[in-house]
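Right, one structure below, let's go through it.
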Amino acid sequence: MVTSVFLCLFIILLTGGFPRGCAGDGGSASHSSAGTAEKPVLLSSTADAEAFISGAEVAVIGFFQLHPGLLLPTHYLMASVREDVIFSKTAPFCKLLPPPAPCLGMEGLVCRPRTTCGRAAVAGDGGGARGRLRSSPPLRPPPPPPLSPPYFSLPPQEPEGPEASQFRLAAGRIPEVPFGLSSSPAVLSHYGVAANTVTIFRRVDNDRRDMDMNDKDVDAEKMTRFVRMNELRLVTEYNPVTAIGVMQSSLQLHLLLITDKMSPKHPERMRKYRAAAELFKGKILFILLDSNLKSNEQIVSFFKLKKSQLPALALFHAPDEEQDVLTLDEVSVDRIQDFCNRFLQRMQKKEDKPEEKNEEL
């Protein structure tokens with residue numbers, strides 16, 4: 001598919017470089033920020049992950065695979081040891097403990113096959129020193145495990161390793177974005193993740209972006225840049241890094257508010273702009289463009305605007321290069337809503353016309 005010259009020009013103006021499909025494709029600028037952040041939230045269940053994602057405009061989760069040795073098939077039973085040491089006699093998982101007895105199913109885990117030790121009991125149930133293990137009569141051997149056995153997983157574990165360390169460093173550099181992590185097999189399965197992955201979830205376009213952490217070249221710097229590129233919000237402030245995420249968004253209709261961020265009226269304008277963005281969530285990507293930045297002068301000129309005409313709204317539909325501009329005395333929700341609705345109606349009429357011609361034929 002050939003990229004149009006007009007669209008290439010628009011992306012060049014936005015990114016300060018050439019996009020894929022246009023001559024001169026080059027690298028993009030890096031971005032990093034220092035800062036401190038809370039420790040990434042450990043997400044131990046699908047419900048935890050869904051609540052974490054739904055609670056923010058942008059959320060990042062690091063998915064980490066458990067080592068295969070930390071999953072036990074169901075024909076292993078948990079030893080019933082002191083209740084002040086392990087969770088309970090019937091807990092559906094095994095807890096990492098120092099080996100308390102010679103008959104352990106796996107090193108460091110209080111688990112054993114039925115055929116080896118039988119069911120352990122707590123000394124003190126029928127006498128003896130508290131905490132000493134004694135074995136009950138052996139149970140009959142279990143049937144062979146099925147081909148795809150259900151597994152008892154360990155309690156929620158903080159992922160460790162170089163990838164997890166780099167992920168935590170990246171989280172510290174972006175304190176305004178919530179970071180979570182999970183090694184729960186159920187959570188990984190729910191989100192279709194099969195490898196160590198950084199995933200950014202966006203509410204504005206109900207989309208996600210994945211980054212494979214198994215690549216040896218992936219470090220905290222690249223994770224930070226990946227998040228910065230893709231952290232599209234209800235209102236995304238344009239910069240050369242977020243421009244890449246803008247052009248890759250599934251939303252192909254972009255509304256720019258071109259305004260002076262230094263104006264005393266800016267906070268009120270932004271409040272109304274955000275309120276309007278809520279009305280078109282999932283339809284239009286709302287972008288803020290600071291007219292004071294020299295790097296944005298080309299974009300202002302692209303829409304044939306002068307600083308004396310600002311603030312202004314500019315709508316751009318990427319697939320057919322349709323655009324419209326509206327200068328404003330003041331920003332209001334009603335004017336933004338009316339401007340967007342008229343543009344959407346015009347686009348809908350254009351889509352309906354080919355259908356009418358086909359019916360006539």
- Decide whether Leu310 and Met270 are clustered together by the hydrophobic rule: side chain heavy atoms of Ile, Leu, Val, Met, Phe, Trp, Tyr closer than 4.5 Å, transitively. no

For [X] and [Y], which heavy atoms make the closest approach, and how far apart are they?
X: Gly282; Y: Leu251; result: O-CD2, 3.2 Å
X: Phe286; Y: Leu234; result: CB-O, 3.5 Å
X: Thr46; Y: Ala186; result: OG1-O, 3.8 Å
X: Asn292; Y: Lys261; result: ND2-N, 4.1 Å

- Identified salt bridge (Lys or Arg N to Asp or Glu O under 4.0 Å) partner of Glu57 from the options Arg274, Arg202, Lys281: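 Single pass found, and it is Arg274.
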
- Query: Can the ring centres of Phe179 and Phe167 be said to be less than 6.0 Å apart?
  - Reply: yes

Donor-acceptor contacts, no H, no angles, side chain residues 299-306, under 3.5 Å, sequence neighbours left out:
residue	atom	partner	partner atom	Å
Ser301	OG	Glu297	O	3.1

Between [X] and [Y], is there a side-chain N and carboxylate O pair less than 4.0 Å apart?
X: Glu176; Y: Arg228; value: yes
X: Glu330; Y: Lys265; value: yes
X: Glu158; Y: Arg168; value: yes

- Task: With side-chain hydrogen bond (donor to acceptor under 3.5 Å, both in side chains) as the test, would you mind laying out the steps for Thr199 and Asp210 before giving the verdict?
- Result: CA-CA 4 Å; Thr199 300; Asp210 296 338; 2.8 Å; yes

- Thr236: what forms a side-chain hydrogen bond (donor to acceptor under 3.5 Å, both in side chains) with it, not counting sequence neighbours? none

